[in-house]
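A short write-up of the structure that comes next.
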Amino acid sequence: QVQLVESGGGLVQAGGSLRLSCAASGRTRSDSVMAWFRQAPGKEREFVAAISWSGASTHYTDSVKGRFTISRDNAKNAVYLQMNNLKPEDTAVFYCAADRRRSLLGSRSTYVDAYTDWGQGTQVTVSS
């Protein structure tokens, strides 16, 4: 079992920045694909960004490209999401996820059911 704990959420004005962190513990594997998803009220959980085990490959949903950056520090068992130029439509609970079955990004990396472990989420609210 892997435990994922997110932090760094909060309330920010449009145009502002936040940096989310995800700390992994338990039976962690540094060779897992890691990702961030988000879920807005009344909507399904959606993919935001993913990163390969080495950090060499990343993938983003179109709406956050150029604004968000995913990164990882395997020595610290941590994954980060730097969010700049935040918009009200970014308001959601952000979740960290790990796919212990894969090390490289692939066609399934954007799917919720591709991930084996999830954090509890951290709220991000962007005011206009």
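Because the structure is a prediction, the values reported are computed rather than measured. Count residues from 1 along the sequence.
Taking all atoms of both residues into account, the shortest heavy-atom contact from S32 to R100 is OG-CA, 3.4 Å. Counting all heavy atoms, side chain and backbone alike, P88 lies closest to S128 at CG-CB, 3.8 Å. Residues V124 and G9 approach most closely at CG2-CA, 4.1 Å, considering heavy atoms. Residues N85 and D90 share a closest heavy-atom pair of O-OD2, 4.5 Å.
A continuous path of ILVMFWY side-chain contacts below 4.5 Å connects V12 to L20, so both sit in one hydrophobic cluster.
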Exercise answer: donor-acceptor pairs, residues 41-49 side-chain atoms, under 3.5 Å, sequence neighbours excluded:
| unit_1 | atom_1 | unit_2 | atom_2 | d |
| --- | --- | --- | --- | --- |
| R45 | NE | Q39 | OE1 | 3.4 |
| E46 | OE2 | R38 | NE | 2.7 |
| E46 | OE2 | R38 | NH2 | 3.3 |

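Side-chain contact between N74 and R72 is present, with at least one heavy-atom pair separated by less than 4.5 Å. When side chains are defined from C-beta on, V112 counts as touching F37, because their heavy atoms get closer than 4.5 Å. Annotation: side chain of E6 is not in contact with side chain of S21 (no heavy-atom distance under 4.5 Å). The closest side-chain heavy-atom distance from V79 to I70 is below 4.5 Å. In this structure, Y115 and S109 have side chains that are in contact, with non-hydrogen atoms separated by less than 4.5 Å.
Not a single side chain to side chain donor-acceptor pair (under 3.5 Å) links D73 to another residue, sequence neighbours left out. Residues that satisfy the salt bridge (charged side-chain N to carboxylate O under 4.0 Å, His left out) test with R19, not counting sequence neighbours, are absent from this structure.
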(request) Applying side-chain contact (heavy atoms from CB on, under 4.5 Å), run through L86 and F68 and close with a yes or a no. (result) CA-CA 9 Å; L86 283 160; F68 292 9; 3.8 Å; yes
(request) Could you give me the CA-CA distance, side-chain angles and deciding distance for D113 and R108, then say whether salt bridge (Lys or Arg N to Asp or Glu O under 4.0 Å) is met? (result) CA-CA 9 Å; D113 62 3; R108 289 196 54 77; 2.4 Å; yes
(message) Set out, in order, the CA-CA distance, both residues' side-chain angles and the distance that settles side-chain contact (heavy atoms from CB on, under 4.5 Å) for Q13 and V126, then state yes or no.
(response) CA-CA 5 Å; Q13 289 188 330; V126 184; over 6 Å; no
(request) Test side-chain contact (heavy atoms from CB on, under 4.5 Å) on M83 and S17 and set out the steps. (result) CA-CA 5 Å; M83 305 186 295; S17 299; over 6 Å; no
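Rounding to the nearest 0.5 Å places CG of L18 at 9.5 Å from CG of N84. Atom CZ of F94 is separated from atom SG of C22 by 13.5 Å, given to the nearest 0.5 angstrom. Between I51 atom CD1 and Y80 atom OH the span is 11.0 Å, to the nearest 0.5 Å. Note that OG of S52 is 12.0 Å distant from CG of D99, once rounded to the nearest 0.5 Å. Here OG1 of T122 is found 7.5 Å from CH2 of W36. Values are rounded to the nearest 0.5 Å. Rounding to the nearest 0.5 Å gives a distance of 10.5 Å between NZ of K65 and OH of Y60.
Side-chain atoms of Y95 do not come within 3.5 Å of backbone N or O of A35 as any donor-acceptor pair. Put simply, the side chain of S71 never gets that close to the backbone of L81: no donor and acceptor are under 3.5 Å apart. Remark: the backbone N or O of A114 is paired with a side-chain donor or acceptor of R101 at under 3.5 angstrom.
Counting heavy-atom neighbours within 6.0 Å of Q120 CD, excluding the residue itself, gives a total of 12 or less.
Using modelled atom types and a 3.5 Å distance limit, the side chains of T125 and Q123 yield a donor-acceptor pair.
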